[in-house]
Each structure stands twice: as C-alpha cells, then as structure tokens.
Amino acid sequence: MGKQLENDSKTISASEINRFTYCNYQWYYERLYGRKKLRELKADRNKELGYKGDGNSNFKRGVRFHNDSYAKMRVQNTLLKLFIIAVLVMAIVVYFKVV
C-alpha cells in the first residue's frame, strides 16, 4: 500500500485548487507531507548543504522553472498545430490528385 497522506481529506479547498493549478507538485507534496514537514525537510537540506539564503533565490528558481515549463509547453503546442496543418494539407493534396 502507498504512503499515507498527511492531508487525506476527501474534500479539496479553493486554495488547494489554486495551488494545484499554479504548481501541481506543490499541491501534491503539501498533501503528502504537510507544510510543517516540508519546512523541516527544507531546513535540514539547507543546513546539510550549508546554504544560508534569504528565500528570494527559491522564488527566482520557482519563477524560472515555471517560465521554462510554460515555454516548453508552448513549443509543443505549436509543433502539434503545425503537424496537424501539415497532415491536413497532405490529405487535401492527395484527395485532389485522386479525384
């Protein structure tokens, strides 16, 4: 059986939906571990690595991650649209050569 969720509520709040739409990883890990445990894990990791940041770098990394993800998604969507257009054009050309 899988790991028991820290927040195993059957209902999802509006703020959880907002977190999920912004970053589904954030939502999942908060449900899995809870905010308190995530803060402890982060503090342990930072202590282990000797990191003493002001928290701003995490925000910048998060913004960069999301911008990169959205850029990748836009490229994939554009390539898919171009592929569909190419298939349609080829189908039309084949249709008119046959008829």
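Everything numeric here is computed off the predicted structure, so don't read it as measured data. We're numbering straight along the sequence, starting at 1.
- Expressed to the nearest 0.5 Å, how far CG of Leu49 lies from CG of Asp44 amounts to 11.0 Å.
- Listed by chain and residue number, His66 satisfy the ring pair (Phe, Tyr, Trp, His ring centres under 6.0 Å) test with Tyr22 (two or more places apart in sequence, or in another chain).
- Within the 4.5 Å cutoff, the side chain of Phe20 has no heavy atoms near those of the Tyr25 side chain.
- Among residue pairs with one or both ends in residues 72-99, none qualify as ring-ring contact (aromatic ring centres under 6.0 Å, His included); sequence neighbours excluded.
- Atom CG of Asn67 sits about 15.0 Å away from atom NZ of Lys72, to the nearest 0.5 Å.
- Going from atom CG of Leu38 over to atom OH of Tyr29 covers 9.5 Å, rounded to the nearest 0.5 Å.
- Between Leu79 atom CG and Ile84 atom CD1 the span is 11.0 Å, to the nearest 0.5 Å.
- Distance check, rounded to the nearest 0.5 Å: CZ of Arg19 to CZ of Arg31 gives 9.5 Å.
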**Asked** Going through the distances and angles, do Arg45 and Glu48 end up as a side chain to side chain contact (heavy atoms under 4.5 Å, CB included)?
**Response** CA-CA 5 Å; Arg45 180 204 62 200; Glu48 200 174 289; 5.6 Å; no

**Prompt:** Going through the distances and angles, do Ile12 and Trp27 end up as a side chain to side chain contact (heavy atoms under 4.5 Å, CB included)?
**Reply:** CA-CA 11 Å; Ile12 298 176; Trp27 175 82; 4.1 Å; yes

**Request:** Show the numbers, then the answer: is there a side chain to side chain contact (heavy atoms under 4.5 Å, CB included) between Glu16 and Glu30?
**Result:** CA-CA 9 Å; Glu16 283 187 277; Glu30 280 187 11; over 6 Å; no

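- Connectivity analysis of hydrophobic side chains (ILVMFWY, heavy atoms under 4.5 Å, direct or indirect) links Met73 to Tyr70.
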